[in-house]
Amino acid sequence: MPTSTLPANATLLLIDLQRAIDDPRWSALGPRNNPQAEANVAALLAGWRRTGRPVIHVRHDSTEPDSTYHPYGAGHAFKPEAQPEPGERVVPKTTNSAFIGTDLDVYLRERGVWVLVIAGVITNNSVEATARMAGNLGFDTRVVGDATFTFPKKDFSGRLRTAEEVHDLSLANLSGEYATIMDTASALAAL
């Protein structure tokens with residue numbers, strides 16, 4: 001299927017867009033990339049809602065008591081730009097992939113969904129893990145690069161990599177084999 005057309009049931013899968021990600025612990029090594037990501041997520045949501053396409057919100061319910069994503073913490077709530085509306089499914093998860101320990105795969109297949117458009121956080125963690133699994137499970141997977149973001153990280157040799165470097169490498173890992181990488185404008189134009 002060409003990237004320029006998304007079917008009526010192409011599902012927007014929003015990953016871990018919770019207040020937890022704004023905790024300063026995440027940016028301990030430096031600032032995140034894509035400061036416009038939340039605005040792009042809001043634009044994607046508006047487009048999906050306007051065209052009646054399905055939206056699924058993946059919520060991380062950490063089992064670690066000190067996690068910013070723990071269900072009893074202030075960060076567990078969804079970010080304002082990514083608030084679910086009535087009728088939009090919320091899938092709770094406890095690992096990095098939205099497919100592990102959830103009914104997401106069965107839910108999508110029962111509804112004939114085969115195109116997933118993914119946005120959210122963190123690019124090199126839950127977004128990448130979910131996109132890899134979606135690709136391996138046979139879904140036509142799209143990742144909206146400018147509607148995802150991450151933080152600086154030290155590589156295996158100890159060299160600090162910027163958020164943009166980590167983000168770009170994660171998208172490069174996904175591109176072609178697991179997913180098609182697109183931007184918000186392209187995703188909206190394909191509706």
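We use all heavy atoms of the structure for the numbers below, so side chains are in, but hydrogens, waters and symmetry mates are not.
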Could you give the distance from [atom1] ([X]) to [atom2] ([Y]), rounded to the nearest 0.5 Å?
X    : Y    : atom1 : atom2 : result
H76  : S62  : NE2   : OG    : 9.0 Å
L191 : T51  : CG    : OG1   : 4.5 Å
L104 : F99  : CG    : CZ    : 4.5 Å
Y72  : D61  : OH    : CG    : 10.0 Å
Y178 : N136 : OH    : CG    : 5.5 Å
I122 : I15  : CD1   : CD1   : 12.0 Å

Legend entry - Qualifying residue, where the test is side chain to side chain contact (heavy atoms under 4.5 Å, CB included) with F151 and the options are T162, N125, I21: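 Of the listed residues T162, N125, I21, the side chain to side chain contact (heavy atoms under 4.5 Å, CB included) partner of F151 is I21.
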
Any donor-acceptor pair under 3.5 Å linking the side chain of [X] with the backbone of [Y]?
X    : Y    : value
S67  : E64  : no
E164 : N33  : no
R53  : P7   : yes
D16  : R59  : no
T123 : F149 : yes
T130 : A98  : yes
W26  : P31  : no
D146 : T184 : yes
H167 : G145 : yes
K93  : T95  : yes

Legend entry - Cation over ring face, R111 and Y107, 6.0 Å, 45°: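 So R111 does make the cation-pi contact.
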
State yes or no: do [X] and [Y] share one hydrophobic cluster built from I, L, V, M, F, W and Y residues joined by side-chain heavy-atom distances below 4.5 Å, directly or via other members?
X    : Y    : result
L169 : V127 : no
M182 : V41  : yes
L171 : V166 : no

[X] side chain near [Y] side chain, heavy-atom distance below 4.5 Å:
X    : Y    : answer
E165 : P152 : no
L6   : V117 : yes
V58  : L14  : no
L17  : E81  : no
I118 : T141 : yes
T148 : V121 : no
V55  : T11  : no

Cationic N near anionic O, under 4.0 Å, [X] to [Y]:
X    : Y    : result
D103 : R89  : yes
D140 : R142 : yes
E88  : R49  : yes
R32  : E38  : yes

List the atom of [X], the atom of [Y], and the distance in Å for their closest heavy-atom pair.
X    : Y    : answer
A8   : P54  : O-CD, 3.8 Å
F139 : V113 : CE2-O, 3.3 Å
P80  : R19  : CG-NH2, 3.9 Å
V143 : A179 : CG2-CB, 4.0 Å
L137 : R109 : O-NH2, 2.5 Å

Inset, instruction - Output the rest of the hydrophobic cluster of L29: all Ile, Leu, Val, Met, Phe, Trp and Tyr residues reachable through side-chain heavy-atom contacts under 4.5 Å, sorted by chain and number. - result: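 Members other than L29 - counting any ILVMFWY side chain reachable under 4.5 Å - are L160.
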
Legend entry - Co-members of the apolar cluster containing F78 [side chain, <4.5 Å]: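 Besides F78, the hydrophobic cluster comprises V90, listed by chain and residue number.
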
Inset, instruction - Applying side-chain hydrogen bond (donor to acceptor under 3.5 Å, both in side chains), run through D183 and S186 and close with a yes or a no. - result: CA-CA 5 Å; D183 61 18; S186 299; 2.8 Å; yes

Legend entry - Candidate list D168, T150, D155, test side-chain hydrogen bond (donor to acceptor under 3.5 Å, both in side chains), partner R161, passing option: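 Looking at D168, T150, D155, the match for R161 under the side-chain hydrogen bond (donor to acceptor under 3.5 Å, both in side chains) is D155.
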
Inset, instruction - Just do the side-chain hydrogen bond (donor to acceptor under 3.5 Å, both in side chains) check on N96 and H60 with the steps written out, would you? - result: CA-CA 8 Å; N96 52 17; H60 191 71; over 6 Å; no

